[in-house]
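Here is the structure we will look at, set down as structure tokens.
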Amino acid sequence: MHRPWNNLRARVFPDHWSLLFGQIAFYSFVVIVLSGVVLTVYYEPSVDHVVYNGPYAPLRGAEMSRALESTMAISFEVRGGLLMRQVHHWATLIMVAAITLHLLRLFFTAGFRRPRRLNWLVVFGLLIVMLGAALTGTSLPDDMASGTSLAVLDGVLQATPLVGSALSALLFGGQFPGDVISQFYPLHVVVLPAVLVVLFVVGAVLALRHKPAQFAGPGRTEDNVVGRPATAAAVKSVGLFCFVAGVAILMAATATINPVWLYGPADPANASAGVGPAWYLAFLDGSLRLAPGWEFVLWGKTFSLAILLPVTVCTLFLALVAVYPFIEERLTGDRRDHHLLERPRDNPTRTGIGAAGITFYGVLWAAAGADTMAVLFHLSVNSLLHVFQVLLILGPPAALMVTRRICSGLQEQDARIAVLGVETGQIVRRADGGYVEQHRPVDVYRRWQLVGASAKGRALTAQTTDAKHEEAE
């Protein structure tokens, strides 16, 4: 009866800082749920109009929805309400960042190879669902900033050929702005959190089913795991939860975020100035800004590339991220199980592809703030967008080539250090009158870190050793 628990206690878990991003994401989710439960007690998901008569004088007498009025009451009348709102928001940002970093860690260390391909899909699903939860959550206050974002979303849907009007009517419950809160509230409070819980459970089951992946080192093989025992890992995990919760509370208590009282109530006839999308959705806005304003008429309908192109490109980009493990396996033919992680430099091609993807995303992300950059640096918005368009095309292949060269150079440097040792800066004179720098030999553990996990590194080490022997002769 106690066998599963005993098996769990007998397991050991690798101890490396990069392996903590998944735990940080989960603990952020716990903070989000706890603060969200408090907020749901006072929030009213209604678009019925009322006249604000609360303590915030600048908006007193203004017409707004009950959703915004209740949000204002949480911020200024409920004890600790503003703290809970900001804890909820900051924890959301921490969770999105942690999932993103966890996904990048899996990619650059090859943690997605068999038997962990499903783990990759689970983490990717967590990211997509979390983006949906964040989008629906930021729309619930019904303030001017969220209203402007929804207007952009409605414009994108309306411009989608054939099904755009139907999608807009389905999302907004009729003509924009409709009663979008009644659509988003159950998604944000019930549906999407339930999906996140399921994904976290599936991820935990998959992680327990397979032995933990670890970085290569002396004594570490594909058949064993070196790390902390389960009890020590559990204690460290509890401490990590306290740290994540403490950071979220500290940020909420010292840094204001989403001050809806400064934006005022949403109004379809107006738009907020100087307010951009959240950083995790900025790449979508940037793609809309960089798309050319071309359009054509087909079958009596107008198709706008300004909408079709960015939507298609971003969808393909996310789809490629999701299926990349299967593409790499098909191209390399490697169907073995791997429990040792790789250093990014050990696979220059994969690392270069990752750098190209980050560059592509980064250009789109930066383009979302082109208007702000133009104002701050006194530049032309159109000229700045043209620069970003060029970078979007030339940047990824340039990043791929440069990263591959850097990784190959780092491998060669590791091979030289493994054979010759670490440079000491001390120059001695040889018997034949020549000068040579003294090197300090590296120990076995450091040598394994440098070349033990890389077949190419071992080959470079052999070449360097042969060259050293030839030079000595």
Side-chain angles (χ1 to χ4, degrees), residues 31-33 35-93 95-96 130-154 171-173 176-193 248 251-252 255-281:
V31 175
I32 291 170
V33 171
S35 58
V37 169
V38 176
L39 295 178
T40 54
V41 175
Y42 302 99
Y43 176 76
E44 295 186 35
S46 173
V47 294
D48 295 338
H49 284 267
V50 296
V51 176
Y52 180 71
N53 194 29
Y56 187 68
L59 289 181
R60 195 172 297 156
E63 289 191 5
M64 61 180 62
S65 64
R66 287 192 179 276
L68 181 57
E69 183 192 39
S70 62
T71 304
M72 296 286 291
I74 293 173
S75 302
F76 294 105
E77 300 177 52
V78 176
R79 180 169 296 180
L82 180 58
L83 180 65
M84 286 296 100
R85 276 194 63 236
Q86 301 203 144
V87 165
H88 194 73
H89 206 124
W90 280 118
T92 299
L93 300 185
M95 181 175 175
V96 174
M130 190 58 203
L131 293 181
L135 175 63
T136 54
T138 55
S139 303
L140 294 182
D142 199 30
D143 60 306
M144 181 63 76
S146 62
T148 302
S149 299
L150 290 176
V152 174
L153 177 60
D154 180 60
L171 181 63
F172 295 101
F176 179 82
D179 189 5
V180 67
I181 291 179
S182 65
Q183 308 289 330
F184 280 8
Y185 184 73
L187 285 175
H188 182 73
V189 175
V190 179
V191 178
L192 295 179
M251 296 174 69
T256 301
I257 189 170
N258 196 25
V260 295
W261 54 88
L262 297 181
Y263 307 139
D267 184 357
N270 295 309
S272 57
V275 177
W279 67 266
Y280 44 82
L281 296 174

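In this view, Pro58 and Tyr56 satisfy the side chain to side chain contact (heavy atoms under 4.5 Å, CB included) rule, not counting sequence neighbours. Scanning for side chain to side chain donor-acceptor pair (under 3.5 Å) contacts around Thr71 gives an empty result, with sequence neighbours left out. The side chain to side chain contact (heavy atoms under 4.5 Å, CB included) check on Ser146 picks up Asp143, with sequence neighbours excluded. Residues meeting the side chain to side chain donor-acceptor pair (under 3.5 Å) test with Ser182, sequence neighbours left out: Asp179.
The shortest distance between side-chain heavy atoms of His88 and Ile32 falls below 4.5 Å. Counting heavy atoms from C-beta on, the side chains of Val260 and Arg85 come closer than 4.5 Å. A heavy-atom distance below 4.5 Å is found between the side chains of Pro55 and Glu77. In this structure the side chain of Trp279 reaches within 4.5 angstrom of the side chain of Val96, judged on heavy atoms. Proximity of Arg60 to Asn53: side-chain heavy atoms (C-beta onward) are separated by under 4.5 Å at one or more points.
Screening residues 131-154 for ring pair (Phe, Tyr, Trp, His ring centres under 6.0 Å) gives no qualifying pairs among residues at least two apart or on separate chains.
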Could you go through residues 38-45 and list every donor-acceptor pair under 3.5 Å that involves a side-chain atom there, pairing it with any protein atom two or more places apart or in another chain?
| unit_1 | atom_1 | unit_2 | atom_2 | d |
| --- | --- | --- | --- | --- |
| Thr40 | OG1 | Gly36 | O | 3.4 |
| Thr40 | OG1 | Val37 | O | 2.7 |
| Tyr43 | OH | Leu140 | O | 2.6 |

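Side-chain atoms of Trp261 never come within 3.5 Å of backbone atoms of Ser75 as a donor-acceptor pair (strictly under, hydrogens ignored).
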